[in-house]
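These notes are about the structure you will find just below.
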Amino acid sequence: MRSLKDILYGVGLTAVSGTTNREVNAVCFDSRKVGKSDVFVAIRGTLTDGHEYIAKAIDSGANAIVCEEMPANLVNDITYVEVADGNTALAVMASNFYDNPSKNLKLVGVTGTNGKTTVSSLLYQLFKKAGYKVGLISTIKIMVDEAVYPTSLTTPDALTINHYLNLMNKAGVEFCFMEVSSHGIHQKRTKGLVFEGAIFTNLTHDHLDYHKTFAEYRDTKKILFDELPKKAFALTNIDDKNGLVMLQNCKARKFTYALKSYADYRCQILEHQFDGQLLKINDHELWSKLIGHFNAYNMLAIYATADLLGLEKLETLRLLSELDNVDGRFQYFVSKEKITAIVDYAHTPDALKNVLETINTLRTGNENVITVVGCGGDRDRSKRPVMGHIASEMSNKVIFTSDNPRSESPHLIIEEMEAGVEPQNTKKIVSIENRKQAIRTACQMAVANDIILVAGKGHETYQETNGTRTDFDDFKIVKALLAELDK
């Protein structure tokens, strides 16, 4: 049990009815999870309004309600607290409830359109190899040192974040690396957290279904940097035209990294092939197992962050050379028939372009690139024709298929992708709604030395259609189908 008064510290109350000198058992924002003596925070969401469930929360045992608008009828012996913003209140309350766990570790946030998962995951991997107890909050999983927990959101809700940060405190974790999405920032999930630093990777076309304009998407990312304390570091990619924007009005110590521009941390790609690339980072050479210029940026961001967190430079370079690819990020294998299959999470135009550019750089010129790609339903529709254009322009053959159609028609999603295909590329295109059949067709098309790219889902082990998730793992499926053809 915790004191409601302590949990509300720093929230900024606009009105109170009843006493805050009472004990509460837990903080909840989902009325279905409310129990006896809990405090219920009413959140106005995009689909539902928590204020409509205040009565249900009280019936379930809540003894305190935090809301943006007081109910017309107040129930006796219930404390009502009015706040300006429910999301901000929830985040600060969550942090207070778990004794502000972010203050007890070095928390680094990673934001940007592409690269968040790779950078945060490989920073976790590097610091583990360096002998530290480390935490990770990412799209793929949550790690509390060695313990693994599943996750479904890039940036979980504030209660979940602070719950796991609290577990990290108990486990003696010193560093935590966390993906910070624009949704998470906009919905105030990171409010109340104390960051040791923040990393900006890049900004490209994504989430315009949610943010409506690119400027709003960019400015939402910038909030993470605006709120950094003076002692923190702000690390930004200045090859991206939005990189310096992140540093405007930022109070933290500012650092830059780049491949093309003058920066605090510089990198050159000296040579590259399918099994890795030779990089030169600030006058030191290292071999990386990760390929592509996008991964050169990722490795540079990781090196810079490790340096800013106090790791010895030469030790960091040695550990960088040992880092393995993250699941679903340019994950590849070669079949017995010498067909190379690559699975990548590329679900934005820029990510798809980066992967195909890397593949085309590594080609000898005689092999075909066969791309299997789809776009997610109930997400930014404007990127669909752009991705259709990129795939058809940069591949020899393309199969448009389902990604996670969710509540949308796969057929209509594919039609919107086809709209971006130039007339000279239409003969390259085949459309097959069934994703497994699409991958099977790509395998049947391929001959020795050809390259198959299966893009869009990467690490995901499911496909979501009309609210139902079924098992689906791109990497396992393409591997099994090519093995069948090898027989």
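Please read these numbers as outputs of a predicted model, since none were measured by experiment.
When every heavy atom of Gly243 is checked against every heavy atom of Thr236, the shortest pair comes out as O-OG1, 2.8 Å.
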Phe294 and Asp350: side chain to side chain contact (heavy atoms under 4.5 Å, CB included), yes or no, with the steps? CA-CA 10 Å; Phe294 58 95; Asp350 194 61; over 6 Å; no

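Heavy atoms of other residues, nucleotides or ligands lying less than 6.0 angstrom from NZ of Lys129 number more than 12.
The aromatic rings of Tyr265 and Phe255 sit tilted, their planes meeting at an angle between 30° and 60°.
Lys133 has no carboxylate O lying under 4.0 Å from a charged side-chain N of Glu174, or vice versa, which leaves the two without a salt bridge. Salt bridge Arg384/Glu408: present, at least one basic N to carboxylate O contact under 4.0 Å. Taking a cutoff of 4.0 Å between a charged side-chain nitrogen and a carboxylate oxygen, Asp38 and Lys33 do not qualify as a salt bridge. Comment: Lys128 engages Asp145 in a salt bridge, judged by a side-chain N to carboxylate O separation of less than 4.0 angstrom. The residues Arg44 and Asp49 are annotated as salt-bridged, a charged nitrogen and a carboxylate oxygen being separated by less than 4.0 angstrom.
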If you look only at distance, which donor and acceptor atoms sit under 3.5 Å apart when one is on a side chain in residues 102-112 and the other is two or more places apart or in another chain?
residue : atom : partner : partner atom : Å
Ser102  : OG   : Val194  : N            : 2.9
Asn104  : ND2  : Asn169  : OD1          : 3.1
Thr111  : OG1  : Val180  : O            : 2.8
Thr111  : OG1  : Lys221  : NZ           : 3.1

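Just one of Thr201, Thr118, Asp239, Asn202 meets the side-chain hydrogen bond (donor to acceptor under 3.5 Å, both in side chains) condition when paired with Tyr297; it is Asp239. A side-chain hydrogen bond (donor to acceptor under 3.5 Å, both in side chains) with Lys457 is found for exactly one of Asn404, Asp344, Asp473, namely Asn404. The ring pair (Phe, Tyr, Trp, His ring centres under 6.0 Å) test with His459 is passed by exactly one of Phe472, Phe475, Tyr345: Tyr345.
Inspection of the Asp380 and Ser382 side chains reveals an N or O donor paired with an N or O acceptor under 3.5 Å. With no hydrogens or angles considered, no side-chain donor-acceptor pair links Ser288 and Asn295 at under 3.5 Å.
Ring-centre distance between Tyr53 and Phe40: not below the 6.0 Å cut-off.
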